[in-house]
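Values below: all heavy atoms of this structure, side chains included; hydrogens, waters and symmetry mates excluded.
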There are 2 protein chains.
Amino acid sequence: MKENSKYIQVKNQIKDWILEGKVKPGEKIYSENELVKLFGVSRHTVRQAIGVLVHEGWLYREHGSGTFCSNRLLQQTKRESSKNIGVITTYMSDYIFPSIIRGIEQYLSSQGYSLIMASTNNDLEKEKQCLQTMLSKNIDGLIVEPTKSSSANPNISYYLNLEQHNIPYLMINQYYKEINPPHLVVDDEKGGFLATEHLIQYGHKKILGIFKSDDLQGVNRMKGYIDAFRKYNLPFFPDMIVTYTTETKEEKIAEIRSLLEGKERPTGLICYNDDVALSVLNVVRSLNLSVPGDLSIVGYDDSQLATASEVKLTSVSHPKTQMGIDAAKRIIAKIEGKSLENGTDSFVYEPELIVRESTKKLSSKIVT
Amino acid sequence: MKENSKYIQVKNQIKDWILEGKVKPGEKIYSENELVKLFGVSRHTVRQAIGVLVHEGWLYREHGSGTFCSNRLLQQTKRESSKNIGVITTYMSDYIFPSIIRGIEQYLSSQGYSLIMASTNNDLEKEKQCLQTMLSKNIDGLIVEPTKSSSANPNISYYLNLEQHNIPYLMINQYYKEINPPHLVVDDEKGGFLATEHLIQYGHKKILGIFKSDDLQGVNRMKGYIDAFRKYNLPFFPDMIVTYTTETKEEKIAEIRSLLEGKERPTGLICYNDDVALSVLNVVRSLNLSVPGDLSIVGYDDSQLATASEVKLTSVSHPKTQMGIDAAKRIIAKIEGKSLENGTDSFVYEPELIVRESTKKLSSKIVT
DNA sequence: TATTTTAACTTGTACGTACATCATCTTCAG
DNA sequence: CTGAAGATGATGTACGTACAAGTTAAAATA
């Protein structure tokens with residue numbers, strides 16, 4: 001590599017601009033044609049110079065818009081990229097999660113990255129092990145679905161350690177408020193609200209809610225459910241909320257059964273997800289009641305299960321695969337020093353209610 | 001980065017030579033001018049291709065003497081254990097696969113190994129990319145679910161190269177007969193037989209079969225289906241078998257619909273899997289027929305879907321999570337030099353028929 | 001005003017040429 | 001037989017052109 005070759009000179013000049021602070025991180029540098037005029041060299045030479053700087057991580061190019069100064073050159077500890085992204089999930093076989101994973105994998109592989117996976121089974125001790133593994137694996141970035149996010153997390157120090165190692169991470173579905181990391185989540189409160197509002201507008205008054213209490217998603221959906229009651233000035237009634245945890249699902253379903261057998265049975269039911277909705281649907285069938293005739297049911301997640309049954313479930317939908325793609329996109333952008341549009345690290349997806357056959361209007365006079 | 005650009009093609013071809021073992025570490029590759037003639041492109045394009053590969057660490061150049069294959073790969077042969085196991089699957093969000101993955105992950109993490117995942121979407125080109133990624137990732141072992149296993153596979157050389165690098169691999173669900181690798185599979189032929197025999201013993205004679213034709217699982221299940229007809233000396237009838245591929249599922253379901261509308265409609269239906277069974281169930285409902293009243297349906301996989309519907313599906317069950325655990329166990333045993341008890345590298349799981357509500361006995365008078 | 005289309009500008013790919021620089025093998029002189 | 005000069009062929013630098021493809025903002029249209 002000749003020291004006095006033209007492209008080296010151009011390279012060094014541009015590098016100087018960056019080091020002197022004339023070009024700040026994220027800012028656009030001169031276009032190739034401008035550099036051609038400036039230095040009086042050919043475009044090929046300019047591209048060669050820029051190519052080296054891109055390779056070394058000083059710049060990045062964006063097709064059609066320009067060449068920019070990289071963001072993370074300051075504390076660049078010269079870790080060589082392993083092209084591995086870690087992903088920690090709660091349940092691997094959860095019926096909803098594969099679509100997120102698929103989105104992540106799709107984008108990662110298109111960018112030449114690989115995916116290292118681990119799952120916690122919603123156990124905090126296991127989460128700790130996963131984080132330890134990831135830290136020892138030389139990953140470039142980490143995507144985490146937090147475990148038991150509704151309670152305090154003892155593994156905070158690991159996440160802080162990630163920051164010290166300059167490994168970007170991002171949380172999906174939920175996030176630990178204590179560290180307020182970049183996150184992609186669905187507005188579950190709104191989702192719960194939409195589901196409940198739907199039944200209220202259909203004239204239902206006695207609407208039962210069953211929610212999972214050991215993660216934030218469940219807690220938030222429940223909030224939305226309660227909000228809807230408040231907003232429509234509906235009275236609360238006893239036993240209107242059933243909560244369950246990973247360990248107590250079965251017995252709580254049995255509880256629902258006895259509630260449905262009582263004569264004061266509810267006319268509507270908001271479920272934490274489609275899986276629970278189907279469990280309840282089974283109970284309803286065994287009691288010789290009909291859906292939506294005797295009971296309207298709303299699910300959540302709009303999963304494959306929602307349309308598997310004879311009664312297609314009304315369910316709250318959210319962009320699962322898209323969230324995976326976005327997560328991968330953001331983590332890679334951060335790794336490669338690209339700045340995302342408007343600086344915001346996080347995004348909240350709006351849920352949407354898909355009305356199918358499992359809910360119906362109550363034919364009472366009270367409905368406007 | 002256009003995938004079909006010339007320099008990418010040249011790059012991939014050269015990378016192939018390395019990964020297939022045609023060019024060994026330290027060896028000189030063709031000179032730029034030779035490559036120009038070989039590919040019929042300009043020298044600039046060749047240099048661009050080589051530039052990328054040098055950048056990625058596959059090659060290095062020596063001014064005046066030539067371009068050589070990096071010996072970074074050589075260090076991998078006497079590599080220290082990375083404690084990484086690669087897993088290549090077809091569909092990540094397939095409703096059946098998560099349980100296998102869960103089994104794999106469970107055992108791997110208990111043994112301190114990590115899981116690197118990639119999926120092919122049942123596309124052979126993508127499988128090639130996945131294998132390339134895995135080969136370049138320093139993995140200790142590889143678990144593969146083969147892609148389009150019913151047709152010839154163009155990626156054989158990659159598997160052979162794995163052997164050269166002393167990386168054990170194992171196939172699940174299906175396997176390429178050409179290389180006869182260690183494999184864990186379900187006896188799908190028997191599964192298809194069991195399902196069909198069940199309907200025959202219930203007095204059915206006109207039994208339709210719908211199978212996926214682009215993977216071996218489908219072909220084998222179909223074999224079992226045909227075997228059952230032979231064994232029970234039942235006559236074959238026209239249109240008794242419908243086959244579909246990944247791309248043509250929808251239209252074939254429509255075909256089933258018209259068969260069911262005809263007056264000579266079948267009384268039984270053997271489905272490739274539960275997903276198809278549910279699709280057909282939807283069609284049956286829309287025709288105002290009843291299951292199992294007018295039509296008995298048998299699914300396959302005994303998945304979550306089988307019990308999601310109001311008519312619980314009779315389905316063929318097989319040990320999904322167990323297969324994952326076994327796969328992980330065997331691959332790690334091989335890595336760590338442990339010998340497995342009975343010497344056999346492969347195992348065939350016996351499927352089991354779970355009889356539920358979607359099938360019923362035909363009373364003899366109705367049977368013509 | 002809001003939306004669509006167009007034009008201008010950006011980087012990406014691909015071809016061509018010429019000569020410089022370095023390593024290696026061949027040839028020839030000693 | 002040995003050493004130096006030269007021929008050959010490899011990569012490195014540098015110039016040029018042309019068009020493709022993506023982005024953005026101005027201009028035209030509804």
In degrees rounded to 10°, what angle is found between the helical axes fit to the five outermost pairs at each end of the helix from dT1(C)-dA30(D) to dG30(C)-dC1(D)?
-> 0°

Taking only heavy atoms on the protein side, list every residue of residues 31-49 of chain B lying under 4.0 Å from any atom of DNA chain D, sorted numerically.
-> Ser31(B), Glu32(B), Arg43(B), Arg47(B)

Calculate the interatomic distance between Ile8(B) atom CD1 and dT13(C) atom P; express it in whole Å.
-> 7 Å

Thr89(B): partners by side chain to side chain donor-acceptor pair (under 3.5 Å), with sequence neighbours left out | none

How close or far is atom C1' of dG12(C) from atom NZ of Lys11(B), stated in whole angstroms?
-> 15 Å

Let me know, please, whether Tyr30(B) or Lys6(A) comes out on the 5' side of the other along DNA chain D by nearest nucleotide.
-> Tyr30(B)

Can you check the Arg61(A) CZ to dT23(D) P distance for me, whole Å?
-> 16 Å

Look at the rings of Tyr159(A) and Tyr169(A) and say which category their plane angle falls in: under 30° parallel, 30 to 60° tilted, over 60° perpendicular.
-> tilted

Grab the NE2-C1' distance between His63(A) and dT11(C) for me, whole Å please.
-> 5 Å

Distance-only donor-acceptor hits, side chain of residues 191-198 of chain A, under 3.5 Å, sequence neighbours excluded:
from	atom 1	to	atom 2	distance (Å)
Thr196(A)	OG1	Gly192(A)	O	2.7
Glu197(A)	OE2	Tyr232(A)	OH	2.6
His198(A)	NE2	Thr359(A)	OG1	2.9

Ser315(A) side chain to Tyr300(A) main-chain N or O, any donor-acceptor pair under 3.5 Å?
-> yes

Results of salt bridge (Lys or Arg N to Asp or Glu O under 4.0 Å) for Lys249(B) - residues two or more places apart only | Asp275(B)

Mapping Gly64(A) and Gly66(B) to their closest nucleotides on DNA chain D, which lands nearer the 5' end?
-> Gly66(B)

When the distance from CG of Leu59(B) to P of dG12(D) is rounded to whole Å, what number comes out?
-> 12 Å

Looking at the side chain of Thr67(B), which of dG12(C), dT11(D), dT13(C) is the nearest nucleotide?
-> dT11(D)

What is the distance from CD1 of Ile50(B) to C1' of dT13(D), rounded to the nearest Å?
-> 16 Å

Contact under 4.0 Å: Lys28(B) side-chain N or O vs dA10(D) OP1/OP2 | no

Are more than 12 heavy atoms from other residues, nucleotides or ligands located less than 6.0 Å from atom OH of Tyr30(A)?
-> no

Under 3.5 Å, is there a donor-acceptor pair between the side chain of Thr314(A) and the main chain of Arg356(A)?
-> yes

Could you check how far CD of Gln9(A) sits from P of dT13(D), rounded to whole Å?
-> 13 Å

Charged N-O contact under 4.0 Å between Lys128(B) and Asp16(B) = yes

Atom CD of Glu62(B) and atom P of dT24(C) are separated, to the nearest Å, by 8 Å

By salt bridge (Lys or Arg N to Asp or Glu O under 4.0 Å), Lys6(A) pairs with (sequence neighbours left out) none

